[in-house]
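Here the structure is laid out as structure tokens; the discussion comes afterwards.
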Amino acid sequence: MRITQGCFSFLPDLTDEQISRQVQYCLENGWAVNIEFTDDPHPRNNFWEMWGLPMFDLRDAAGVMMELNQCRKAYGNSYIRLSAFDSSHGWESVRLSFIVNRPKEEPGFHLERHEVAGRNIRYTTKSYAADRPEGRRYG
Amino acid sequence: MPQNELTTRSIPTNRRTPPKESDMNMHSMTVRGKDRYKSGVLEYRKMGYWEPDYAPKDTDIIALFRVTPQDGVDPIEASAAVAGESSTATWTVVWTDRLTAAEKYRAKCFRVDPVPNSPGQYFAYIAYDLDLFEPGSIANLSASIIGNVFGFKPLKALRLEDMRLPVAYVKTFQGPATGIVVERERMDKFGRPLLGATVKPKLGLSGRNYGRVVYEALKGGLDFTKDDENINSQPFMHWRERFLYCMEAVNKAQAATGEIKGTYLNVTAGTMEDMYERAEFAKELGSVIIMIDLVIGYTAIQSMAKWARRNDVILHLHRAGHSTYTRQRSHGVSFRVIAKWMRLAGVDHIHAGTVVGKLEGDPATTRGYYDICREDYNPMRLEHGVFFDQHWASLNKLMPVASGGIHAGQMHQLLDHLGEDVILQFGGGTIGHPMGIQAGATANRVALEAMILARNEGRDYLHEGPEILAKAAETCTPLKSALEVWKNVTFNYESTDMPDYVPTPSVAM
């Protein structure tokens, strides 16, 4: 399967040049870009690990791309996403977020059904990969 | 005077042309002292409802009406009558006025302008003191402003065009239960419009068949699916069946994609008790969102907004019925007023037009509605039909929804007209796809992502739109087929409602 979180998951994987243009767009809007990675891509896992701090006061996308390549070297078989934070009043949250790296194989999720009273069912989404300990989930 | 600074800016002063027939009318004609309360009938303009020298206070509510007096009725008198009948007046003088601070409670019409290019119509600006209204109640606000006066005999027609709601009043409302920012955080979706579809056919599907449509559309790439306004609990599908099958579909699609998904479960019912029961069940099943129809009434809407805030559920509003009073230019209530009331009332989503789709909506007027939903401050923009500066005092933002007759081939136009914080709902444009519902959903999602990518790269996406879509279709057969099927579908009809003011280069707006 292919996890389709983030803004561009339905397109073919972005090239570094395409990623860099999106980063430039974020920087020109005054947003700080953060690199985050995880091996637990559960849809409600909001807090991926941070690769350093959001890059405030950056002008050139090349800085982000350099960091991204470092992150890929260390976590090349994990999910990596870029998130852009807008600090302006009335928003103060993420403006753009997209996946820039995926594990070679994405095993996806298992839906557990627990039948309860009436015809009600309690659903639990479980990542197949997350059964293994952190750091050993993808090969 | 600093107090008046804001109010003079908020009102279009550059077009202050007195109606020709009555230059005298520019002065107050209010009868004062003992004579004011002599028994009998007195013209409204003499009773204190026409005060051209009145400078509205920052805390006043200001309403702008389009008044069409009957033939022979003086426009000032007609406008004063509107002020009177929507505040303290009755048809004759009553001595009991003298037991009250009557001058404070009288609504004051302070300005009347002829409507450009519309003979016989006048814009009347009326100020209401804040004490006339119960805090936090749309029912009370609307009972005052539109309660009696629309049937008033001396008027041929009357339309409430816009309202300036003072911050002091805005702050008495909860506002959207969730708001755009928190909705995006909860749904984990940033940087693009959200995608939805209304399940079709709107009537007749069994719960099991209905859930099938939901599953296919969500798995294919939509973020939301939606019950239609008249899907409640009918013989072919009782509400519990729908809720149970829909939540199976939502959870299955979530596991299949790794994304958060939702379906607007319509909890509209005959009584509040039934609505609460349905909303509770939706929450118990883990739905992130429920839905109500505008026809349930303002009080019911506010109750559901409070319920939604208490229970962390997003609240979608379908504006069922609004066209009965919003569409005609001369009579009724403009949708921009309804949008303002709904932002106060506290819904999270509101249908606000598509511009390019099958339902009424002139681009400039629709832009005005979208600004009212999404901005923290609306400056006066006559060319968008926005007559007042409006401060929202950090009230949550309301997500507009574009639904009705739109398809993937229009993605560049939709993004250009409606921006990023919007839900694009492709009902027929998803379910009617020749390769099936999943393919229809995928086509829409790919078209959207390709357009956002191009926009962010700085491309002239509006003009290069068809090219961008064609390129994206090279690696996406469903999109290719969608573009082919609907390539010539447009809905070009003249709008029945559009702004009265058109920007000209010589006028500084």
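Letters A, B, ... are given to chains in the order of the sequence lines, protein chains preceding strands, and every chain is numbered from 1.
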Q) Less than 4.5 Å apart, any side-chain heavy atom of A:Gln24 and any of B:Glu457? A) no
Q | Distance in Å, A:Phe98 CZ paired with B:Asn456 CG, rounded so as to fall on 0.5 Å steps | A | 8.5 Å
Q | Flag side-chain contact, heavy atom, 4.5 Å: B:Leu285 against A:Ile121 | A | no
Q: Applying salt bridge (charged side-chain N to carboxylate O under 4.0 Å, His left out), run through B:Glu420 and A:Arg95 and close with a yes or a no.
A: CA-CA 10 Å; B:Glu420 187 174 292; A:Arg95 279 284 186 182; 5.0 Å; no
**Q.** chain A contact via B:Ala472 - side chain, backbone, both or neither, heavy atoms under 4.5 Å
**A.** neither
Q: Find the distance between CD1 (B:Ile260) and CG (A:Asn46) and round it off to the nearest 0.5 Å.
A: 7.5 Å
(Q) Please give me the minimum heavy-atom distance between B:Val181 and A:Gly90, naming the atom from each residue. (A) CG2-O, 3.6 Å
Q: Would you mind checking which part of B:Arg184 comes under 4.5 Å of any heavy atom in chain A, side chain (CB onward), backbone (N, CA, C, O), both or neither?
A: side chain
Q | Within-4.5 Å side-chain heavy-atom neighbours: B:Leu453 and A:Gln22 | A | yes
Q. Which atoms of A:Arg2 come close to chain B, meaning under 4.5 Å heavy atom to heavy atom: side chain ones, backbone ones, both, or neither?
A. backbone
Q) Can you name the nearest heavy-atom pair linking A:Leu111 to B:Ala255, along with the distance? A) CB-CB, 4.0 Å
Q: Considering only heavy atoms and a distance below 4.5 Å, find which of B:Glu248, B:Glu284, B:Arg186, B:Met247 pairs most often with chain A.
A: B:Glu248
Q | Which portion of B:Thr475 sits near chain A, non-hydrogen atoms under 4.5 angstrom | A | side chain
Q.
Whether the side chain of B:Gln254 engages the backbone of A:Thr125 through a donor-acceptor N/O pair (distance < 3.5 Å, no angle test) should be reported.
A. no
Q: Spell out, as yes or no, whether a donor-acceptor pair under 3.5 Å connects the side chain of B:Lys189 to the backbone of A:Gln5.
A: no
Q) Taking C-beta and beyond as the side chain, do B:Glu259 and A:Pro43 meet within less than 4.5 Å on heavy atoms? A) no
**Q.** Residue pair A:Leu11 / B:Glu449: nearest heavy atoms and the distance that separates them
**A.** N-OE1, 3.5 Å
Q: Please examine the side chains of A:Ser83 and B:Phe190, heavy atoms only from C-beta on, and report whether any two atoms are closer than 4.5 Å.
A: no
Q: Would you indicate whether the side-chain heavy atoms of A:Trp91 and B:Ile180 approach each other to under 4.5 Å?
A: yes
Q) Under 4.5 Å between any side-chain heavy atoms of B:Glu185 and A:Val94, yes or no? A) no
Q) Under the criterion side-chain contact (heavy atoms from CB on, under 4.5 Å), which of B:Val446, B:Leu479, B:Leu448 is the partner of A:Phe10? A) B:Val446
Q) Which answer fits B:Lys261, side chain, backbone, both or neither, if we ask what part of it has an atom under 4.5 Å from a heavy atom of chain A? A) neither
Q | Beyond-backbone contact of A:Phe8 with B:Ile452, side-chain heavy atoms, under 4.5 angstrom | A | yes
**Q.** Interatomic distance, A:Arg113 atom CZ to B:Lys252 atom NZ [nearest 0.5 angstrom]
**A.** 6.0 Å
Q | Residue B:Asp223 versus chain A: region with a heavy atom under 4.5 Å | A | neither
Q) Relative to chain B, which segment of A:Asn29 carries a heavy atom at a distance below 4.5 Å: side chain, backbone, both, or neither? A) neither
Q | Heavy-atom proximity to chain A below 4.5 Å, by part of B:Asn251 | A | both
